[in-house]
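A short worksheet on the structure shown next.
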Amino acid sequence: MEMEKVVAAEELAKDMREISVAEFFERNKHFLGYENPTKSLVTVVKEAVDNSIEFACEAGILPKIKVKVKQLSENRFRVSIEDNGPGVVPEKVPMAFAKVLYGSRFHVLKQSRSLFGIGIKGACLYSQLTTGKPIKVTTGIGKGPIHHFELMIDVAKNEPKIISHTTEENPKNWHGVKVEMEVEGRYISGGHSILNYLKQTAMVNPFATIIFEGPDGKVVFERATNKLPPKAKEIKPHPHGVELGILRRMLSTTSAKTLLTFLTTEFSRVGKKSALENGGKLPLENVLIFRFANKVPLFYHQSDCATTEAIKEVDWRRYGISQSQGQLPAGPLAILVHLASVWVPFTSEGKQAIAAYPEILKEIKLALQDAGRKLAKYIRKKAKLRESMLRRQIFERYLPVVAECVGELTNKKAEEILNKLKNMVKSGMDESNREA
Ligand SMILES: Nc1ncnc2c1ncn2[C@@H]1O[C@H](COP(=O)(O)OP(=O)(O)O)[C@@H](O)[C@H]1O
Ligand SMILES: [Mg+2]
């Protein structure tokens, strides 16, 4: 028998080294939503559009976003996303667009589309990985020149590489960001397509105008309102939501002198911060689920999502909707769940499904039950109306015969009697419809 070679710890230690976070995500790009060419193309657009809406709103600007997708070859595309937001100051551009885990949102507790400081860097990584080309970022801040950058990520170091940086006069004081990149991908027109992503985005962000020029032509989603939603406020953490490790760190950095001041200054006592919108009843064949988190459509991983689990756990038969035990309800139904929270627990960095924390499940179920009760009322009303329509049709069918007989018996004109009977039926029906 052969003896296993024993490897000394010193030997093993030679291979130990820190892994750059950029390298980690380059290797695991599926975490960020780049697991296949179709989804990757949508993800690139999504990351840029989410930022455009987020930061325009933040600056109090009604967003106008132009998305262009040009097919260069069978599996290669040039994508550009331009907004009219506040822009990014030039000193911050390389870090903001080409250093993974660099962003303005991670430490802020408020309802926001962005989170990790990964989004647009993921797109940049994916672009350079599949085409070897830098991304282009053009930005103006409403004063000073327009800046053009070509950026890549030094993956081993997780540092931005500035390939070029030029400036241009800005006589019209333009502000905004334009991101351009070349990527590998696959374009589809239906299903989980860029168009449908933008459509759903327009649905929940009716203050944004979104223009899409793609391989199938141009589509414009005009804004439906000129009113921006009230700005999300930053809040302090709720003691319930803070885990021990984080609490310790907060304690070691706080300036509060006593435990009482620490608790009252570093935490918020917000009671209800769960804002859940729901409802929807569209005449469709199968149940359709629309999921949103802080106004961003969730497109993939529907079956892993807390919203789907909550929908399954609701007893829809109580509201007159058919459902097999533990399954999604069936029938002409559209369910829209929007979770608004300062901290949405996504199941992964790709931000496509919400983790099924018991508190979240409970809140979604309560909201769905509330919507279910309203829906049941509506369905009952519709059934009653249909019933009374049917009754009326039956009456009307026999009226001429009745009129004729009554006419013969009373020696009056059948036509007159028929008209009177018709009026009686009509007023009777109007009455019962009013009651329904
Ligand atoms: N279109 C944009 N307008 C203004 N600022 C932007 C835009 N895109 C990105 N940024 C800045 O770059 C940072 C990094 O973006 P990103 O990698 O998507 O991370 P996140 O959105 O999670 O913060 C943002 O936090 C923001 O400060
Ligand atoms: Mg982002």
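Just so you know, these numbers come straight off a predicted model, no measurement behind them. Every number for a ligand or one of its atoms is a count from 1 in the order of the listing.
Here the shortest heavy-atom distance to atom 5 (N) of ligand 1, taken over Asn51, Asp50, Val88, Ile65, belongs to Val88.
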Review point. What's the verdict on side-chain contact (heavy atoms from CB on, under 4.5 Å) for Ile289 and Val337, showing C-alpha distance, side-chain angles and the deciding distance?
Key: CA-CA 8 Å; Ile289 300 174; Val337 180; 5.7 Å; no
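Judged purely by atom type and a 3.5 angstrom limit, Arg78 has no side-chain atom pairing as donor or acceptor with the backbone of Lys68.
Ligand 1 lies within reach of Lys121, whose nearest heavy atom is under 4.0 Å from it.
Cation-pi geometry between Lys46 and Phe299 is not met at under 6.0 angstrom from the ring centre and within 45 degrees of the axis.
Distances between N or O atoms of Asp83 and those of ligand 1 include at least one value under 3.5 Å. Distances between N or O atoms of Ile120 and those of ligand 1 include at least one value under 3.5 Å.
Between Glu213 and Lys66 no salt bridge is recorded (no basic side-chain N to carboxylate O distance below 4.0 Å).
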